[in-house]
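Both counts, for ligands and for their atoms, begin at 1 and track the order of listing. Quick note: numbers below take in every heavy atom, side chains included, and nothing from hydrogens, waters or symmetry partners. Remember, predicted model here, so these are calculated numbers, not experimental data.
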Amino acid sequence: MGKIIIDPVTRIEGHLKVECTVENGVVKEARSSGMLFRGFELILKDRDPRDAQIITQRICGVCNLCHAMASTLNLDQAFGLADKIPDNGRIMRNLAAGLHVVQDHILHFYHLAALDYVDVTKVAKYEGSDPDLKSIKAFIGRGSLGPFVPRYEGDYRLPDEVDRAAVAHYVKALEIRRKGHEAVALLTGRIPHTASIVPGGMTEVPTVDKIASVLWRLNELKDFVDNVYLPDVLAVAGAYSDYFQVGAGCKNFLSYGAYDLEGKNPDYTRRKRFFQQGSLSSDLKLQPLDLSRVTEEVKNSWYEQGNSGLHPSSGKTSPQGDKAGAYSWIKAPRYGGKVHEVGPLAQVLTTYAGGNPGMKSLVDSTLAHFKASPSALFSVLGRHAARALSAKYLTDSMGDWLLQLKPGEPTFVPYEIPDQAQGFGIIDAARGALGHWVEIKDKKIATYQCVVPTTWNASPRDDGGTPGAIEQALTGTRVKDESNPFEIVRIVRSFDPCLACAVHLVTPRGSEMGKVRIF
Ligand code: NFE
Ligand code: MG
């Protein structure tokens, strides 16, 4: 029996350690450990509630806008504004969040995950004139292959020209992401860490020239998604089709939905959203969302056990770094006591199972392309395909949203901070279901809890000993060479984990937490 320890897993955000016990070339048991504690929920205590919008965005440099949205929906509700946001404010928020998420999906595929399948070093032999490839070749030619190596050596299967095109797209994707960021900045004033998504609506206003400037960039994103991102995902999926059978995981999915299509129902769990909300299992029968079923367990996490199993509205962040048996700073969120995967796959499946015709046609045509059944989606490639389909579904629709904006009409409503109140804000962030909960006392934050997508996916075992979503996805994986476990990182990266978000200090000063192998 061998042990594979990857610490940290690179080409993700933050410090994730993955430990797999391997027997006869198959992963028997996996452990996912978040190796950071940050304590944002404690930082928020006793502050002005409006600070939540500013501070929670600092949880993460990648998905800051998603935290702006969750915290603001949370405060809208606590301030009694959930059904009062003007359409302009609602639509500008949707556009900012949607554009942010599309560039984030492009980031994940090209700059983090695709390098598991694309052999970038082949470019060293390139003799053509493509400027992007020439710039990468020159970079490699200087003798420094970083950031592309060291790496686990994959079983690279793409034809040379497809490989080279994907590498050129690595560079192009940087430029397209910049356009996405520019579009978000046009709508929200600045990026990252916007100040204009606020309780009551938006402080930025739509103008004709702003709409035109965003539309121009949106069209470039849409063109890239249609003609580059989706075809590249399909090319990778075609060459590595065995990965439709790898990394299935728990097959329970949870989505909070995203992008409010109306703003009059104060209950976020029943809102009509562009991506539908709810839970489902492998039978693809959509169940309505019931937030009372969310708990966080901590038996295997470095938090005091007396606070295990609480609903986030009464959740506690009580670190205990010397807790026996624990192996992660990530808590173990559960829905109805069960492990659930969150993310674009959950989002796409929920919207598909809810009967949305646009999503049905996207998913069915993708499955027909591969002559596959929906169960193939429970896999590494299913996650990559769902992320790309989610980007397409958004970029196909956001042009219409832009044209719904009404220059000159209000974007926010005024409000007073209540003495006492409770609230929650839920949204599907780029990596999945994101929830913020607040309790306000004497106009200050008494408690604040964030339960974040990667907390769901990278969670350790719960109080009953059931492994988390990534742990389950790794279990049963065949590893050809324990010293080069590329199969494991392919599975982990398919979840697009973000550890900064998941653990919301570093390890106790200088203590050795594990063997370090950097790949
Ligand atoms: Ni730090 Fe995040 C997203 C949130 S993830 S990237 O998307 O919320 O866990
Ligand atoms: Mg938390």
Side-chain angles (χ1 to χ4, degrees), residues 12-16 32 34 36-45 52 55-74 97-98 100-108 111-112 192-193 254-256 258 275 294-298 301-303 307-308 310-319 328-334 341-347 383 387 390-391 424-438 447-460 468-470 492-493 495-504:
I12 62 164
E13 204 297 324
H15 291 78
L16 176 72
S32 147
L36 293 156
F37 172 73
R38 300 175 75 213
F40 266 77
E41 290 150 330
L42 303 177
I43 294 170
L44 285 158
K45 194 168 158 43
I55 291 175
T56 60
Q57 288 187 76
R58 270 71 186 175
I59 288 174
C60 183
V62 180
C63 68
N64 43 87
L65 201 106
C66 304
H67 288 287
M69 288 292 295
S71 58
T72 305
L73 289 170
N74 189 10
H100 167 86
V101 162
V102 169
Q103 69 72 31
D104 196 343
H105 288 351
I106 292 170
L107 155 74
H108 176 257
H111 305 129
L112 303 178
H193 305 137
L254 174 70
S255 169
Y256 290 159
F275 282 103
V294 176
T295 54
E296 287 193 296
E297 302 183 6
V298 298
S301 313
W302 287 301
Y303 298 93
N307 296 325
S308 194
L310 298 176
H311 185 265
S313 60
S314 55
K316 301 264 181 323
T317 301
S318 44
S328 184
W329 285 109
I330 303 177
K331 295 181 182 176
R334 296 296 183 256
E341 174 177 339
V342 302
L345 178 55
Q347 191 174 57
R383 291 185 193 100
R387 210 168 273 113
S390 156
F424 65 83
I426 51 169
I427 185 172
D428 259 25
R431 286 156 194 77
L434 168 64
H436 285 200
W437 281 260
V438 69
T447 61
Y448 204 97
Q449 285 288 312
C450 308
V451 184
V452 175
T454 300
T455 321
W456 287 94
N457 286 338
S459 85
I470 290 179
V492 174
R493 290 191 185 115
F495 285 86
D496 190 6
C498 171
L499 275 289
C501 275
V503 296
H504 340 295

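When SG of Cys501 and SG of Cys60 are joined through atom 1 (Ni) of ligand 1, the resulting angle is 110° to the nearest 10°.
In this structure a side-chain-to-backbone donor-acceptor pair under 3.5 Å is missing from Ser301 to Tyr303.
Of all the atoms in ligand 1, the ones that sit under 4.0 Å from a non-hydrogen atom of Leu434 are 8 (O). For ligand 1, the atoms sitting less than 4.0 Å from at least one non-hydrogen atom of Val452 are 4 (C), 5 (S), 8 (O), 9 (O), numbered in the order shown with element in parentheses.
For atom 2 (Fe) of ligand 1, the N/O/S atoms of Cys498 include none lying under 2.8 Å.
Within the 4.0 Å heavy-atom cutoff, His67 counts among the residues contacting ligand 1.
Distances from the Mg ion (ligand 2) to each N, O or S atom of Glu41 single out OE2 as the nearest.
No salt bridge links Asp496 with Arg383; every basic N to acidic carboxylate O contact stays at or beyond 4.0 Å.
Under the 30°/60° scheme for interplanar angles, the aromatic rings of His311 and Trp437 are found to stand perpendicular. Ring geometry, Tyr448 versus His436: the interplanar angle exceeds 60°, so the pair is classed perpendicular (tilted spans 30 to 60°).
A side chain to side chain contact (heavy atoms under 4.5 Å, CB included) with Val342 holds for exactly one of Asn457, Leu434, Val451; it is Asn457.
Note: no N/O pair closer than 3.5 Å links Ala502 and ligand 1 by distance alone. On a distance-only criterion, Thr455 and ligand 1 share no N/O pair closer than 3.5 Å.
Heavy atoms of Thr454 found under 4.0 angstrom from ligand 1 belong to the backbone as well as the side chain.
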